[in-house]
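Computed from a predicted structure; not experimentally measured. Note: hydrogens, waters and symmetry copies are ignored here, and every other heavy atom, side chains too, is used.
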Amino acid sequence: MNEEERVIAQETNETVSETEPTGAAEAAGATSDVAETAEAATEAAETAEAAAEAAEATAAPTEDTAASAETSAPEAPTETMADYDDAITASMKPIHEGDILKGTVIGISDEELTVDLGIYTDGVVRLEDASDDPSFSFRDFEVGQEISATVIRRDNAQGRIQLSLKAAAAVLGWERLQQLEKDQSNITVKISEAVKSGVTAYVEGIRGFIPASKLSLTYVENLDEYVGREIEVRVITAEPENKRLVLSARDILREKEQEERKQRISNVEIGLVTEGTVETIKDYGAFINLGKGMSGLLHVSQISQQRIKHPGVVLKEGQKVKVKVIAIKDGKISLSMKALEDAPAQEVEEETYKMPKAEAATTSFASLLKNIKL
């Protein structure tokens with residue numbers, strides 16, 4: 001080995017010596033980094049395990065808590081197919097035109113009613129199929145109201161069942177009207193129009209007639225005054241075969257008048273002296289109008305102190321007379337004019353005549369004539 005080669009070898013060894021410590025240090029550093037990473041991973045694992053335990057403790061109730069929850073929370077009822085039998089049966093029932101169905105109003109407009117029939121589709125009632133009454137309006141109905149209607153078309157253009165209240169009324173309405181006639185129940189109707197000899201009103205969508213003679217207790221001259229008015233009536237004739245419905249308000253008005261009269265009469269006292277007007281004259285007496293819807297009988301025997309054969313001898317219709325109430329029985333008032341004549345007569349009878357003291361009770365007939373000149 002020459003000098004040049006020796007120098008090169010020496011430089012190479014020095015370079016290797018300088019490099020070895022550096023590699024060892026890097027190896028040691030790498031080992032330290034691995035250890036730190038492992039420690040961090042261990043800590044992370046411990047943290048995750050603690051979090052999982054905390055979450056499990058929060059989510060899972062204790063035995064006491066679970067028992068308490070079971071005690072306080074009632075069990076939900078178990079539904080079975082039997083609970084839906086009616087609904088299923090109804091939904092599968094075949095629908096035919098002419099059937100009368102019951103349903104619940106779920107929609108209202110000026111032109112139609114929408115009805116829940118509890119089946120595969122809804123029903124609809126058009127205004128023209130509701131009533132013949134020109135004043136009829138769907139605004140009188142309410143959501144949730146139950147109605148009965150007749151099927152007139154199973155499937156209209158919208159896939160709904162077309163119904164008619166008018167057709168149902170032709171069956172059910174007459175049944176109710178006949179029951180109202182039997183019970184003589186009061187119902188309220190609105191007069192729709194005046195016709196010859198009376199007025200008309202609708203009940204259950206059926207046109208009824210009220211004769212003028214059954215409209216009031218007195219003669220009605222202008223029937224148009226009743227149009228649009230609501231009055232109480234009773235059904236007096238319901239004949240579905242003839243489509244004849246006749247109503248009356250008169251009996252109700254008469255009953256009310258009698259009740260009011262009884263109430264007023266109960267406030268009248270026996271002995272009351274009042275003035276009245278001779279209303280009608282009969283063979284047995286005269287009826288005196290006392291006002292406020294009250295009248296009383298003035299019997300022929302109570303007209304005068306003198307015996308008279310007929311009340312017309314003393315009284316005339318329309319004549320004003322003063323009378324005294326002498327009796328009230330069964331809502332009837334008995335009057336007397338004679339009782340007023342008795343009072344002054346009794347006062348006169350109380351006066352007495354006294355003879356002068358100078359005259360003796362034994363005065364002779366001769367002494368009475370002695371002063372008479374012939």
With sequence neighbours excluded, tell me which residues meet side chain to side chain contact (heavy atoms under 4.5 Å, CB included) with [X].
X	value
Ala212	Leu223
Gln319	Val278, Leu315, Lys316, Val321
Pro240	Trp174, Gln178

Pairwise side-chain contact, [X] with [Y], heavy-atom cut-off 4.5 Å (strictly under):
X	Y	value
Asp183	Gln179	yes
Leu165	Phe141	yes
Lys332	Lys329	no
Ile108	Leu113	yes
Val195	Phe209	yes
Val273	Lys322	yes
Val220	Glu225	no
Val105	Ile147	yes

So, the side chain of [X] versus the backbone of [Y]: is there a donor-acceptor pair under 3.5 Å, distance only?
X	Y	answer
Ser336	Lys338	yes
Arg264	Met294	no
Ser192	Thr200	yes
Asp99	His96	yes
Gln258	Glu255	no
Lys320	Gly276	no
Arg261	Lys292	no
Gln184	Glu181	yes

Joint cluster assignment, [X] & [Y], ILVMFWY side-chain distance < 4.5 Å:
X	Y	value
Ile187	Leu245	yes
Val203	Leu215	yes
Ile152	Val171	no

Give a yes or no on whether a salt bridge exists between [X] and [Y], defined as a side-chain N under 4.0 angstrom from a carboxylate O.
X	Y	result
Glu128	Lys166	no
Arg176	Glu204	yes
Glu193	Arg207	yes

Report the distance from atom [atom1] of [X] to atom [atom2] of [Y], rounding to the nearest 0.5 Å.
X	Y	atom1	atom2	answer
Leu340	Gln305	CG	CD	10.5 Å
Tyr226	Ile210	OH	CD1	10.0 Å
Glu317	Asn289	CD	CG	12.0 Å

Open item on the list: Run the side-chain contact (heavy atoms from CB on, under 4.5 Å) test on Ile119 and Ile161 for me, step by step, so that the C-alpha distance in whole Å, both residues' side-chain angles and the decisive distance to 0.1 Å come before the verdict.
Closed with: CA-CA 10 Å; Ile119 55 177; Ile161 296 176; 3.5 Å; yes

Indicate the atoms forming the closest heavy-atom contact of [X] with [Y], along with that distance.
X	Y	value
Tyr202	Val189	O-CG1, 4.3 Å
Lys102	Leu117	O-CD2, 4.0 Å
Leu290	Val323	CD2-CG2, 4.2 Å
Val235	Ala238	CG1-CB, 3.9 Å
Arg250	Ser216	CD-O, 3.8 Å
Ser295	Glu279	CB-OE1, 4.0 Å

- [ ] For atom CZ of Arg244, decide whether the heavy atoms of other residues, nucleotides or ligands shown that lie under 6.0 angstrom number more than 12.
- [x] no

Open item on the list: Can you confirm whether more than 12 heavy atoms, excluding those of Arg154, are under 6.0 Å from its CZ atom?
Closed with: no

Open item on the list: For Ile265 and Gln263: C-alpha separation, side-chain torsions, deciding distance, then whether side-chain contact (heavy atoms from CB on, under 4.5 Å) applies.
Closed with: CA-CA 6 Å; Ile265 289 175; Gln263 185 63 35; over 6 Å; no

Task: Verdict with reasoning, Val233 to Asn186, per side-chain contact (heavy atoms from CB on, under 4.5 Å) - done: CA-CA 6 Å; Val233 296; Asn186 296 353; over 6 Å; no

Task: side-chain contact (heavy atoms from CB on, under 4.5 Å) partner of Ser334, the single match among Ile270, Ile326, Ile328 - done: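 Single side-chain contact (heavy atoms from CB on, under 4.5 Å) partner of Ser334 among Ile270, Ile326, Ile328: Ile326.
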
TODO: Might you work through the side chain to side chain donor-acceptor pair (under 3.5 Å) test for Thr150 and Ser164, ending with a clear yes or no?
DONE: CA-CA 5 Å; Thr150 300; Ser164 172; 6.0 Å; no

Open item on the list: Between Arg139 and Asp110, does the salt bridge (Lys or Arg N to Asp or Glu O under 4.0 Å) criterion hold? Intermediate values first, please.
Closed with: CA-CA 7 Å; Arg139 295 303 174 185; Asp110 291 336; 2.6 Å; yes

TODO: Decide yes or no on side-chain contact (heavy atoms from CB on, under 4.5 Å) for Tyr284 and Val300, but give the supporting numbers first.
DONE: CA-CA 6 Å; Tyr284 52 85; Val300 64; 5.5 Å; no

